[in-house]
Amino acid sequence: MEAEANSGSPEDSWAFIQKPGEGCRTVPLAGHVGFDSLPDQLVNKSVSQGFCFNILCVGETGLGKSTLMDTLFNTKFEGEPATHTQPGVQLRSNTYDLQEGNVGLKLTIVSTVGFGDQINKEDSYKPIVEFIDAQFEAYLQEELKILRVLHNYHDSRIHACLYFIAPTGHSLKSLDLVTMKKLDSKVNIIPIIAKSDAISKSELTKFKIKITSELVSNGVQIYQFPTDDESVAEINGTMNAHLPFAVIGSTEELKIGNKMMKARQYPWGTVQVENEAHCDFVKLREMLIRINMEDLREQTHSRHYELYRRCKLEEMGFKDTDPDSKPFSLQETYEAKRNEFLGELQKKEEEMRQMFVQRVKEKEAELKEAEKELHEKFDRLKKLHQDEKKKLEDKKKLLDDEVNAFKQRKTAAELLQSQGSQAGGAQTLKRDKEKKNNPWLCTE
């Protein structure tokens, strides 16, 4: 078919340009152009860059989370066994590079160590929620950078959450319901019944029905395999009816017939992991890895991350429309937020200035009061010093008077003594003279 041509003026050709929002015209091609190779280009680019997939395993210790991961990916992941003595819930993340054919996969497995082992399980879900939010926040911060490297960024957002349910055969534990309810808006939850060979088939069927009923009655939204794609609509619709999957994990291979198969050996018989009559392991592997891995990645980005991003940006003050429902541009939003921030900053500066002035006034009043007290104390001390000085001067004057009186008495005493000595000497001389004049006085 030949393409329609327009030989008119440039003004006539401009008439074919549609305004935004108007429908596009279908134009036939005159021959091969080459853009039908875009899918091949996309595949080649994706294969060269590789893929990443992150799985969060939530469940109590001892439900076989590590064993199931080893069985799912047909390998042995290194990891330390968890104990029941953890003081709280800890999330342990391990990343592995896997290769199948020419396709590389960077697989991250996050396990919840210590989940359900505490006596008080009220806040057991919080570390999990915080971990998921932290991965969203890291991606958002990278996305908001001026120089972004998203093509090389290791996406650590959780794409699938395998929630391991203990095979009690009765009902879901309150811990399971609360945790799944907190996680369903943040991650794609796929509930599985772990170690399903612990209960009989009839009990397992009733248990599945009970779990589904409790999830619906409590408003827990689990991941539903998509049915909008005709190529997988039938199988996904069938598999949705099998949720939750009853699985068994084992890395041990046993010879069954003429084949080596993964199985678990019991005294009463052998349970084959990949036998769909024994468990739903094959269904889980097909749905999780072969058919819906890309949809899980897409749902994580377009639904859960977008919800987190929207809430976070709204908290920061960014909106798509103004109060009049008119669209906001990013520049206008930034300017409005900047003006709001500057106004708040100016307000805080004014409040701080007023507070500073008030504190300075209070400090000045305190200093004046202290100065007044010091002056009063100084006056008291000065008066006390003057009184003491006066007392000392009075005592000194009294003492001086006493000293002078003493000196006068001493002088008078010395004078009397001197006079007495002189009088005694005169009498002695008189007697000696009389003796010389009258010799008879000597013989007597």
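The first residue of the sequence shown is numbered 1, and numbering continues consecutively from there.
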Colleague: Can you tell me if Ser37 uses its side chain to pair, donor with acceptor, with the backbone of Gly34 under 3.5 Å?
Modeller: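 The answer is yes, because a donor-acceptor pair under 3.5 Å joins these two groups.
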Colleague: What's the shortest heavy-atom distance between Gly114 and Thr61, and which atoms?
Modeller: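 Closest approach of Gly114 to Thr61: N-OG1, 4.0 Å.
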Colleague: For the CD atom of Gln299 and the NE2 atom of His159, what is their distance to the nearest 0.5 Å?
Modeller: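 Gln299 CD to His159 NE2: 12.0 Å, rounded to 0.5 Å.
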Colleague: Could you check whether any side-chain N or O of Thr112 sits under 3.5 Å from a backbone N or O of Cys57, counting only pairs where one atom can act as donor and the other as acceptor?
Modeller: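 Between the backbone of Cys57 and the side chain of Thr112 there is a qualifying donor-acceptor contact (under 3.5 Å).
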Colleague: What pair of heavy atoms forms the shortest contact from Leu288 to Ala160, and how long is it?
Modeller: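 Looking at all heavy atoms of both residues, the closest pair is CD1-CB, 4.0 Å.
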Colleague: Do other residues, nucleotides or ligands put more than 12 heavy atoms under 6.0 Å from Gln99 CD?
Modeller: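 Check passes, neighbour count above 12.
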Colleague: Report all side-chain donor-acceptor pairs from residues 189-198 shorter than 3.5 Å, counting only partners two or more places apart or in another chain.
Modeller:
| from | atom 1 | to | atom 2 | distance (Å) |
| --- | --- | --- | --- | --- |
| Lys195 | NZ | Gly62 | O | 2.7 |
| Ser196 | OG | Val247 | O | 3.2 |
| Asp197 | OD2 | Tyr266 | OH | 2.3 |

Colleague: Can you check whether Phe136's main-chain N or O pairs, donor with acceptor, with Arg157's side chain at less than 3.5 Å?
Modeller: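 Judged by distance alone, no pair lies under 3.5 Å.
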Colleague: Using a strict threshold of under 4.0 Å (side-chain N to carboxylate O), is an ion pair present between Glu274 and Lys262?
Modeller: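 Salt bridge between Lys262 and Glu274, a charged N being under 4.0 Å from a carboxylate O: no.
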Colleague: If you count the non-hydrogen atoms of other residues, nucleotides and ligands that lie under 6.0 Å from CD in Glu376, is the total more than 12?
Modeller: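 Buried by this count: over 12 neighbours within 6.0 Å.
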Colleague: Quick check against the 3.5 Å criterion: does Glu214 have a side-chain atom that pairs as donor or acceptor with the backbone of Leu172?
Modeller: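 Indeed, once roles are kept as given, a pair shorter than 3.5 Å links the two residues.
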Colleague: Applying salt bridge (Lys or Arg N to Asp or Glu O under 4.0 Å), which residue pairs with at least one partner in residues 91-100 are found, sequence neighbours left out?
Modeller: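 Every pair satisfying salt bridge (Lys or Arg N to Asp or Glu O under 4.0 Å) with a residue in residues 91-100: Asp97-Lys106.
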Colleague: Who are the side-chain hydrogen bond (donor to acceptor under 3.5 Å, both in side chains) partners of Glu371, not counting sequence neighbours?
Modeller: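 Counting only residues at least two positions away or on another chain, Glu371 forms no side-chain hydrogen bond (donor to acceptor under 3.5 Å, both in side chains).
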Colleague: For the backbone of Ser185 and the side chain of His304, can you confirm whether one donor and one acceptor N or O come within less than 3.5 Å of each other?
Modeller: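 At least one qualifying donor-acceptor pair exists.
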Colleague: For residues 254-261, dump all side-chain donor-acceptor pairs below 3.5 Å to protein atoms at least two apart in sequence or in another chain.
Modeller:
none

Colleague: Do Glu351 and Lys348 sit within salt-bridge range, that is, some charged N less than 4.0 Å from a carboxylate O?
Modeller: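 No salt bridge links Glu351 with Lys348.
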Colleague: Of the non-hydrogen atoms in Lys186 and Lys182, which two are nearest, and what is the gap between them?
Modeller: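 Scanning both residues, the minimum pair turns out to be CD-O, 4.1 Å.
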Colleague: Looking only at heavy atoms, which two atoms of Arg297 and Phe51 are closest? And how far apart?
Modeller: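 Result for this residue pair: NH2-CD2, 4.2 Å.
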Colleague: Flag the pair Glu362 and Arg359 as a salt bridge only when some basic side-chain nitrogen lies within less than 4.0 angstrom of an acidic carboxylate oxygen.
Modeller: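 The answer is no: the pair does not qualify as a salt bridge.
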Colleague: Would you say the side-chain atoms of Tyr223 and Asp295 include a donor-acceptor pair closer than 3.5 Å?
Modeller: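 Looking only at side-chain atoms, Asp295 and Tyr223 do form a donor-acceptor pair, the distance falling under 3.5 Å.
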Colleague: Would you indicate whether Lys121, at its atom NZ, is surrounded by more than 12 heavy atoms from other residues, nucleotides or ligands within a distance under 6.0 Å?
Modeller: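 Correct, the count exceeds 12.
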Colleague: So, does Glu142 use its side chain to make a donor-acceptor pair with the main chain of Val149 at under 3.5 Å?
Modeller: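 Present.
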Colleague: Please determine whether the number of non-hydrogen atoms from other residues, nucleotides or ligands lying under 6.0 Å from atom CZ of Phe77 exceeds 12.
Modeller: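 Atom CZ in Phe77 is crowded, with more than 12 foreign heavy atoms closer than 6.0 Å.
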Colleague: Is the backbone of Phe225 close enough, under 3.5 Å, to the side chain of Asn240 for a donor and an acceptor to pair up by distance?
Modeller: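 Confirmed, Asn240 side chain pairs with Phe225 backbone.
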Colleague: Determine whether a donor-acceptor pair (N or O, by modelled atom type, separation under 3.5 Å) exists between the side chain of Thr71 and the backbone of Thr67.
Modeller: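 Yes; judged by distance alone, with no hydrogens or angles, the pair exists.
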Colleague: Please give me the minimum heavy-atom distance between Phe164 and Leu162, naming the atom from each residue.
Modeller: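 Smallest interatomic distance, heavy atoms only, reads CD1-O, 3.3 Å.
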Colleague: Only counting residues at least two apart or in another chain, list the ones meeting side-chain hydrogen bond (donor to acceptor under 3.5 Å, both in side chains) with Ser156.
Modeller: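 So Ser156 forms a side-chain hydrogen bond (donor to acceptor under 3.5 Å, both in side chains) with Gln135.
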Colleague: Under the criterion side-chain contact (heavy atoms from CB on, under 4.5 Å), I'd like the reasoning laid out for Tyr308 against Ile132: C-alpha separation, chi angles, the key distance, then a yes or no.
Modeller: CA-CA 10 Å; Tyr308 176 86; Ile132 296 174; over 6 Å; no
Colleague: Which pairs with one or both residues in residues 67-78 pass salt bridge (Lys or Arg N to Asp or Glu O under 4.0 Å), sequence neighbours excluded?
Modeller: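 Qualifying pairs: Asp70-Lys76.
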Colleague: Is it the case that the side chain of Ser250 and the backbone of Ala263 share a donor-acceptor pair, with hydrogens and angles ignored and the cut-off at 3.5 Å?
Modeller: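 A pair under 3.5 Å: yes.
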Colleague: Have a look at Asn54 and tell me which of Thr108, Thr95, Thr300 forms a side-chain hydrogen bond (donor to acceptor under 3.5 Å, both in side chains) with it.
Modeller: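 Only match with Asn54 under side-chain hydrogen bond (donor to acceptor under 3.5 Å, both in side chains): Thr108.
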Colleague: Side chain of Asn236, backbone of Thr227: donor and acceptor closer than 3.5 Å?
Modeller: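 Absent.
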Colleague: For the residue pair Gln346 / Glu350, report whether a side-chain donor-acceptor contact shorter than 3.5 Å exists.
Modeller: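 Their side chains do not contain a donor-acceptor pair, so the 3.5 Å distance test is not met.
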